[in-house]
Structure formats: structure tokens, C-alpha cells
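In this text the structure is predicted, and so the values were computed from the model without any measurement. In what follows, every heavy atom counts, from backbone to side chain, and hydrogens, waters and symmetry copies are set aside. Proteins come first, then strands; the chains are lettered A, B, ... in the order of their sequence lines, and each starts at number 1.
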Amino acid sequence: MTPVTSDVRPAAAESRQRVTRPPVIRDVLAAALRAAVTAAGLPDPGPIVLEVPRQREHGDWSTNVALQLAKPAGRPPRAVAEAIRDFLLGADLAHLSAVDIAGPGFLNITLAPSWLHEVLRAVVAAGAGYGSGQALAGQKINLEFVSANPTGPLHAGGGRWIATGDAIANLLVTQGAEVHREYYLNDTGNQLVTLRESLAARYHGRDLPEDGYRGAYLGDLAVAIREEHGGDLDDDELLELGVARIVAGIRDDLARVGVTFDTWFSERVLHERGDVAAVLAVLRDRGLTYERDGAEWLRTEDFGDTRDRVLVRGDGTTTYLCNDLAYHRDKYERGFTHLINIWGSDHHGQVKSLQAGVEALTGRTGEPEIILGQLVKLIRGGVEIKLSKRAGNIVTLADILDEVDADVARMTFLLQSLDTKQTFDLDVVTAQSMENPVYYVQMAHARIASIGRRAAGAGIVRVPLDDVDLASLTHERETDLLRRLAVYPDVLAEAAAARAPHKLTHWVHDFAGAFHGFYGACRVLDAEPALVQPRLWLAEACRIGFADALAILGVHAPDEMARVDDLPESEPPVSEPGA
RNA sequence: GCGCCCGUAGCUCAGAUGGACAGAGCAGGGGACUUCUAAUCCUCAGGUCGCAGGUUCGAUUCCUGCCGGGCGCGCCA
């Protein structure tokens with residue numbers, strides 16, 4: 001049921017070449033519009049908004065400048081539009097075919113198909129870097145995500161943060177940023193105490209403590225450690241070994257979905273190095289802390305928090321916030337210009353506190369940037385599975401990966417906006433994984449590869465693009481594909497700016513739909529001779545688009561799919577409600 | 001009580017900076033396999049964009065108030 005693949009994950013987005021793209025048509029049009037506005041004696045319109053209209057009849061590009069200028073110019077929108085149009089038509093623009101005024105005063109610009117042929121050439125010339133921008137050039141970004149406590153295996157919902165974090169990292173890279181993936185290991189503190197007690201209980205065959213972790217994995221862990229190291233370990237040694245094994249398990253899970261972190265940062269190191277104490281010293285030195293009720297507080301309210309926060313508890317230990325401040329200071333000291341953390345929305349209450357603390361410490365405002373995502377709701381047998389590591393009824397990420405391949409899992413997690421609570425129906429995802437959008441997209445890529453193989457078999461080779469006349473690419477299916485490729489750089493820029501990988505997922509899915517439509521309507525190899533080369537190059541441009549988008553999403557772009565006839569009969573899994 | 005997120009087609013969800021008759025997938029109806037792999041395509045049907053006001057030439061989008069759901073308001077993480 002998995003795609004036949006070379007098992008090489010597509011080149012990471014990091015490897016994309018910086019390319020200098022030729023001036024894109026939008027920029028050319030915007031400049032021309034601006035010149036027309038000036039020539040018409042109209043006020044400065046600010047940024048010119050050019051968008052691709054929903055309706056094809058509304059042309060290739062549409063702008064509302066006339067509507068926005070109507071009021072400041074004191075003239076009716078359509079009159080403004082007419083003035084702009086006249087100057088635009090007189091500017092002798094390449095590819096320009098028609099300028100229409102529509103509705104309340106939109107300027108609809110229709111271009112000759114030749115502009116799309118330029119898009120094709122631009123895609124091929126740029127290759128994997130086609131969609132890249134430079135909006136984040138020079139930025140060194142630290143992106144912290146997942147960071148689940150090492151008290152047990154990653155749970156299924158964590159998959160959302162893994163897929164999202166990796167995709168966002170790739171997206172930021174497309175905009176020219178240097179991105180560092182980081183995993184914060186909370187290897188100290190209360191949860192580790194609980195883990196130690198729970199593990200020790202399992203290890204010695206005692207009853208679990210009241211609030212201990214009840215997951216079966218701890219029993220397995222205790223057995224494994226006993227087998228390897230005997231039964232005479234003290235609790236701290238046991239914890240040490242246990243955490244090491246749990247972390248190794250987390251790394252394994254991450255490896256299964258192809259995610260690698262640049263740094264695993266240990267919270268314990270912060271304490272051992274004295275970083276926490278140093279941060280406290282700085283804050284005290286600046287007079288930003290005070291004593292109250294036996295604790296030491298930070299004046300976070302002065303920096304926008306709803307109230308002040310405790311840094312040092314009455315028992316002398318430091319709070320999570322205090323340690324976290326030391327951690328974030330360390331990130332800045334490592335030279336990052338911008339910090340981003342991906343958190344579950346259940347932690348949104350801490351955003352203000354951390355940002356206030358970071359401002360108190362470093363003077364930076366709005367840092368770190370926190371991307372909040374709604375939690376995943378797991379459903380099996382029509383019943384929601386309430387996850388609780390403490391209670392032990394967890395569905396692990398490994399469980400999911402045992403049932404579906406990583407591409408399916410990733411694409412599923414990247415389908416929805418982070419603002420939407422994601423419903424992950426295990427029955428649907430597993431039993432119907434064949435219908436998962438990922439295969440729809442991969443199929444498109446595989447079809448292109450298949451055409452290439454067929455062509456090779458028939459002795460058909462692509463001649464250099466410079467020698468190909470693309471003028472014959474006028475079929476609606478063909479221009480549709482090129483229009484979608486034309487906006488791909490915008491899609492990447494938007495998805496990166498909004499930290500919203502799902503925008504790319506939707507683009508590539510729609511792009512696949514357009515390709516399948518083309519595939520059904522337009523033959524490539526048995527087309528009339530004049531069309532074969534242009535279509536081969538069109539297919540190549542599409543391949544570049546699919547490969548690039550899928551690489552950013554962390555999904556394979558296979559050259560071949562298993563034939564549906566060869567697929568094993570899928571049996572609907574038997575579900576046990578509440579299991 | 002206060003804060004954040006959500007409420008769009010039967011279901012799951014898209015719909016930046018307000019724009020031209022609201023989109024996709026799945027499910028449902030009807031078609032297309034001597035195929036560059038039908039994991040596909042074509043086509044039909046389906047929506048008071050939670051409700052009520054307000055701002056605007058124009059509101060699914062912005063503002064206010066309700067209603068419904070999730071989460072958070074610790075010297076826990």
C-alpha cells in the first residue's frame with residue numbers, strides 16, 4: 001500500500017540553491033500600474049494589490065487600486081479605473097492583452113498565454129529553488145518544537161507538532177532564513193521525580209505511587225533495564241537509564257518520520273552550568289524581582305503580563321519560568337536573531353509570562369514568537385480517546401506509524417490550520433489511508449515520472465528548452481497548471497509568513513488535481529508532434545513543483561506507485577470503543 | 001468571572017492585509033478503463049457562512065453584544 005520509492009527522502013529544503021529569479025510578472029504589472037497611477041495624476045496608492053481572480057473571466061490578474069483611490073481622488077471609482085487603464089494600455093507592456101473595468105471598478109488584466117510560457121521557463125531555470133524568496137534573508141532562527149517531557153514515548157497527537165515544526169522550518173528556509181531545529185529536554189523537575197518513583201516501583205515490583213505513571217511502557221522499561229543491568233540499581237541510576245532509553249525511543253520515533261533536530265538541549269545542564277543562577281542575578285541586579293510570601297517574584301506585569309510571576313519558590317527551587325528564561329537567554333547567546341516556539345494551545349496562558357520575562361531579561365519585545373496549535377483529538381471506533389500519560393491510556397506515535405506510513409501521517413497532520421482542533425480518526429486514517437490526499441499528490445508526481453520512463457523507452461528525449469516553441473501550450477488544462485506554478489512563490493511566502501504549512505498542503509493538492517485533469521485531457525507522448533516537446537517540458541515544470549512542495553512538507557515524491565491491483569485487500573480494522 | 005481559539009455543504013475542512021455569483025475532499029446521483037498506472041477523470045446535487053446589530057461603495061473577513069464548543073487563568077509543567 002505504500003508507494004514504491006527509492007527510499008531517499010527528497011532533498012531537504014536547506015539544499016535549495018539561492019537563485020535569482022527574473023522579474024515576475026506581478027512585479028512588472030505592479031510597477032506599470034504605479035506608473036499609470038502617477039501619470040494619471042492620482043494620489044499615491046500605497047502598495048498595489050494584484051491578485052488572481054477567482055473567475056477566469058475576470059482576467060489573469062485583478063487589482064482594486066481604482067476602488068481604493070476613488071475616495072482620496074474625489075472621483076468615481078470607474079472614472080479612476082478608466083484613467084489608469086488608458087495609461088496602462090499606452091505603456092506597451094509585454095504580454096498585455098486587455099485591460100477591462102468590471103464591477104464597482106476593478107481593473108482586470110488579461111495577458112497573452114506567452115506570459116505563462118515565461119513562467120514555465122522560470123520554473124525550469126530555477127529548479128528546486130523556483131519558489132524561494134528572500135524575505136528572511138540574513139535571519140538566524142531557532143525553532144523549538146515537540147519538546148515532550150522524557151517521561152514516556154511520544155503520543156499520537158505529538159505528531160502534529162513534529163510534522164508542523166519540520167514543515168515550518170522548511171518554509172522559513174525557502175524565504176532565505178537559516179533555521180535551527182531544537183528539542184528542549186525537560187530532564188529535571190517534578191515530572192522526573194514522578195518518573196523515578198514510578199519506574200522504581202515497577203523495577204522493584206512495588207505498588208505504584210498515588211500519582212505515578214501507569215503506562216505499560218514503564219513496566220517494559222523496568223524489565224529491560226533489569227535484564228541488562230540487574231536488579232541492584234539505586235533509584236537515580238535507574239532514572240538515568242530510564243530517561244536515556246525513553247529519549248532514544250523518542251529519537252527513533254522522530255527518525256521514522258524523517259525529522260532530525262540540530263540540538264537536543266538539556267534543562268539539567270542549565271542548572272549545572274549555573275545559567276539559572278546567572279539569570280536570577282541579572283534580574284535581581286536590575287531590581288526587577290522582589291520577595292513576597294516567602295517566594296521571589298519577577299515584575300512581569302511591568303512588561304505586559306497579567307500579573308507578576310514567581311521565580312524562586314518558598315523551598316528555594318526555581319520555577320519552570322525561571323529555568324525557561326535561562327534557556328531562552330542561552331539561545332540568544334548562541335547568536336539567533338529570532339526565536340520561535342511551537343506550543344499546544346493548552347499552554348497559551350504562559351505566552352505572556354515568558355515574553356514578559358524575556359523582555360525583562362534582554363529588552364527584546366514580542367520574543368520569543370510562540371506558534372500555538374490546537375490539540376489533536378484522537379478518535380477510534382467513533383469514540384474520543386482521552387490521552388493521559390499518567391493514567392497510561394496513551395496511543396503512541398509509534399502505534400500510528402505501525403498502521404500507516406509516515407507520509408500519510410505527515411500529510412494528515414498538515415492538512416488543517418493550527419487554529420483548528422484536529423480530529424484524527426484512527427479508523428479513517430488507517431482503513432481509508434488509500435484515499436488519503438497524500439496518495440493523490442504522489443500519484444501525480446509518479447505519473448510524470450512514468451511519462452519520463454515511457455519517453456525514454458520510446459527514444460524520445462527532451463530537447464533543450466531554449467529550442468522549444470511553447471506557443472502551442474494554450475489548452476485550458478495546460479494554462480491552468482502554469483497559472484498555479486505562477487503563484488507558487490506567493491504560496492510559499494504566505495505559508496511561511498503565516499507559519500501555516502496547511503496552505504502549502506492545499507496548494508499541492510489542488511495542483512495535483514489540475515495535473516490529473518491535464519493528464520486525462522492531454523496526451524503527452526502521443527500528442528501531435530508539435531505538442532510533444534512543449535508538454536514534456538510542462539510535465540517537467542510540474543514535477544519540479546510537486547517535488548519541491550512535497551519536500552517542504554516532508555513527504556516523499558515517489559517515481560512510482562504500487563499498482564492498485566497489487567495492493568493487499570484492506571480489511572476494516574475491528575475497533576474496540578474506548579480501547 | 002477574565003483571557004485565547006473555534007462555529008462555513010450531510011461529514012472533515014479551505015477561504016492573509018474587507019471586494020465581484022462562497023470552495024475542496026469525503027459521502028450521495030449519473031457517466032468514462034484495448035490508459036503516458038482508473039490510487040484517475042468528467043458531470044449532477046448540496047450552504048440563512050452560529051444569531052443580532054454596527055462600520056463601509058462593499059463584510060464569511062473588521063467592531064460590539066449574545067448563543068454554542070475547546071483550552072487556560074498554581075510557589076505544576
Side-chain angles (χ1 to χ4, degrees), chain A residues 1 3 47 49 51 53-55 57-58 62 64 67-68 70-71 76-77 102-106 108 149 151 186 189-191 292-297 306-307 309-321 323-324 344-352 372-375 377 415-423 425 428 432-440 442-444 446-455 457-458 490 493-495 497-498 500 502-503 505-506 509-510 512-513 515-527 535 539 560-567:
Chain A
M1 66 187 279
V49 178
E51 55 186 24
R54 278 212 181 86
Q55 268 69 36
E57 313 84 71
H58 292 153
S62 175
N64 63 352
L67 288 161
Q68 299 194 319
K71 184 168 279 184
F106 290 102
N108 293 336
N149 291 330
T151 54
N186 298 117
N190 286 334
Q191 295 197 34
R292 193 179 80 202
D293 305 330
E296 183 169 3
W297 299 67
T306 50
R307 63 178 180 80
R309 305 285 165 177
V310 171
L311 289 180
V312 185
R313 302 185 185 101
D315 66 1
T317 60
T318 52
T319 58
Y320 185 88
L321 173 64
N323 305 336
D324 217 19
S345 62
D346 53 335
H347 288 96
H348 83 260
Q350 300 162 239
V351 174
K352 278 268 175 57
L372 293 173
Q374 299 288 313
L375 302 181
K377 179 177 172 181
L415 229 33
Q416 296 177 17
S417 157
L418 284 176
D419 285 339
T420 304
K421 178 176 54 184
Q422 182 164 45
T423 302
D425 190 320
V428 171
Q432 298 186 5
S433 70
M434 295 309 291
E435 290 159 27
N436 191 288
V438 72
Y439 293 118
Y440 186 78
Q442 289 182 320
M443 180 67 180
R447 278 181 152 172
I448 296 172
S450 174
I451 291 171
R453 284 192 298 274
R454 286 276 179 161
D490 296 336
E494 271 183 36
H502 76 278
K503 288 175 184 283
T505 312
H506 283 273
H509 184 258
D510 292 345
F515 185 82
H516 289 309
F518 162 78
Y519 185 88
C522 303
R523 307 295 294 179
V524 175
L525 298 179
D526 0 305
R535 283 184 174 167
E560 200 177 346
M561 304 290 281
R563 285 185 181 270
V564 69
D565 302 338
D566 300 338
L567 297 171

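- Which of B/G72, B/A20, B/U40 sits closest to the side chain of A/Arg54 comes down to B/A20.
- Listed for the A/Asn64 side chain is no donor-acceptor partner under 3.5 Å among the backbone atoms of A/Leu67.
- One can place NE2 of A/His516 at 6 Å from P of B/C41, the figure rounded to the nearest angstrom.
- Phosphate contact (OP1/OP2 of B/C13, side-chain N/O of A/Thr423, threshold under 4.0 Å): present.
- Following rounding to the nearest Å, A/Arg523 (CZ) and B/C41 (P) show an atom-to-atom distance of 15 Å.
- Distance, A/Gln191 CD to B/G74 P: 18 Å, rounded to whole Å.
- Taking the P atoms as reference points, B/G7 lies 8 Å from B/A14, given to the whole Å.
- A straight line from NE2 of A/His506 to C1' of B/G23 spans 11 Å, rounded to a whole angstrom.
- If you take atom P in B/A52 and the same atom in B/G72, they sit 32 Å apart, rounded to whole Å.
- With both ends at atom P, the span from B/G3 to B/C66 equals 11 Å, rounded to whole Å.
- The CD atom of A/Gln374 lies 11.0 Å from the OG1 atom of A/Thr423; values are rounded to the nearest 0.5 Å.
- Checking A/Asp346 against A/Val49, the closest nucleotide of RNA chain B that is more toward the 5' end is the one next to A/Val49.
- Using a 4.0 Å heavy-atom distance criterion, A/Lys377 is classed as making no nucleic acid contact.
- For the C1' atom pair drawn from B/A9 and B/A24, the interatomic distance equals 11 Å after rounding to whole Å.
- When both pairing distances are held under 3.5 Å, B/U48 makes no Watson-Crick or G-U pair with any nucleotide shown.
- The NZ-P distance, from A/Lys352 to B/C2, rounds to 16 Å in whole Å.
- Using a 4.0 Å heavy-atom cutoff across all strands shown, A/Arg309 reaches no nucleic acid atom at all.
- Of the two residues near RNA chain B, A/Thr306 and A/Arg453, the one whose nearest nucleotide lies more 5' is A/Arg453.
- Proximity note for A/Met561 (side chain, C-beta onward) versus B/U40, B/G3, B/A39: the nearest is B/A39.
- The P atoms of B/C2 and B/C44 are separated by 50 Å, rounded to the nearest whole Å.
- Heavy atoms of A/Gly520 sit nowhere under 4.0 angstrom from any nucleic acid atom.
- Rounding to the nearest 0.5 Å gives a distance of 6.0 Å between CG of A/Leu321 and CG of A/Leu311.
- Base contact: A/Ala102 has a heavy atom under 4.0 Å from a base atom.
- Using a 4.0 Å heavy-atom distance criterion, A/Gly189 is classed as making no nucleic acid contact.
- The base of B/A77 lies close enough to the side chain of A/Gln350 for a donor and an acceptor atom to sit less than 3.5 Å apart.
- In terms of modelled atom types and a separation under 3.5 Å, the side chain of A/Asp293 and the main chain of A/Ala295 share no donor-acceptor contact.
- Following rounding to the nearest Å, A/Leu321 (CG) and B/C73 (C1') show an atom-to-atom distance of 15 Å.
- Using a 4.0 Å heavy-atom distance criterion, A/Glu494 is classed as a base contact.
- Across all strands, A/Ser62 comes closer than 4.0 Å to base atoms (heavy-atom distances).
- When all heavy atoms of A/Arg535 and A/Val524 are compared, the pair lying nearest together is CB-CG1, 4.0 Å.
- For A/His509, whose side chain is taken as the heavy atoms from C-beta onward, the closest listed nucleotide among B/A24, B/G23, B/C4 is B/A24.
- Screening A/Asn323, A/Asn149, A/Asp324 for a side-chain contact (heavy atoms from CB on, under 4.5 Å) involving A/Asn186 leaves a single residue, A/Asn149.
- For B/C42 and B/G50, the C1' atoms lie 36 Å apart once the distance is rounded to whole Å.
- Atom P of nucleotide B/C4 and atom CD of A/Gln374 are separated by 14 Å, given to the nearest angstrom.
- Residues A/His58 and A/Phe106 have side chains not in contact (no heavy-atom distance under 4.5 Å, counting atoms from C-beta outward).
- Relative ring orientation between A/His502 and A/His506 is described as perpendicular, the plane-to-plane angle rising above 60° on a 0-90° scale split at 30° and 60°.
- Within the nucleic acid shown, A/Asn108 comes within 4.0 Å of at least one base atom, counting heavy atoms only.
- Among the nucleotides B/C75, B/G15, B/C57, the one closest to any side-chain atom of A/Lys503 is B/G15.
- Among B/C75, B/G15, B/G19, the nucleotide with an atom closest to any side-chain atom of A/Asp293 is B/C75.
- As rounded to whole Å, 6 Å separates atom C1' of B/A24 from atom CG of A/Asp510.
- For B/A14, the OP1/OP2 oxygens have a side-chain nitrogen or oxygen of A/Thr420 closer than 4.0 Å.
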Item to complete: Kindly indicate, with the supporting measurements, whether the criterion side chain to side chain contact (heavy atoms under 4.5 Å, CB included) is fulfilled by A/Arg307 and A/Trp297.
Response: CA-CA 10 Å; A/Arg307 63 178 180 80; A/Trp297 299 67; 3.9 Å; yes
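- For A/Tyr519, the listed nucleotide lying nearest its side chain is B/C36; candidates were B/A77, B/G19, B/C36.
- Between the P atoms of B/G1 and B/C57, the separation comes to 37 Å (whole Å).
- Candidate nucleotides B/C75, B/C36, B/G19 were compared by shortest atom distance to the side chain of A/Ile451, and B/C36 ranks first.
- The A/Lys421 side chain lies nearest to B/G70 when the options are B/C21, B/C75, B/G70.
- When each of B/A77, B/U12, B/C71 is scored by its nearest atom to the side-chain atoms of A/Asn149, the top-ranked nucleotide is B/A77.
- The P atoms of B/U40 and B/C4 are separated by 43 Å, rounded to the nearest whole Å.
- Among B/C6, B/U12, B/C75, the nucleotide with an atom closest to any side-chain atom of A/Asp419 is B/C6.
- For A/Tyr440 and B/A39, the ring-to-base geometry does not satisfy the stacking test (centroid distance below 5.5 Å, interplanar angle below 30°).
- Base engagement by A/Leu67 is indicated by at least one non-hydrogen atom pair under 4.0 Å involving a base atom.
- Residue A/His347 is in base contact, counting any heavy-atom pair closer than 4.0 Å across all strands shown.
- Heavy atoms of A/Glu296 sit nowhere under 4.0 angstrom from any nucleic acid atom.
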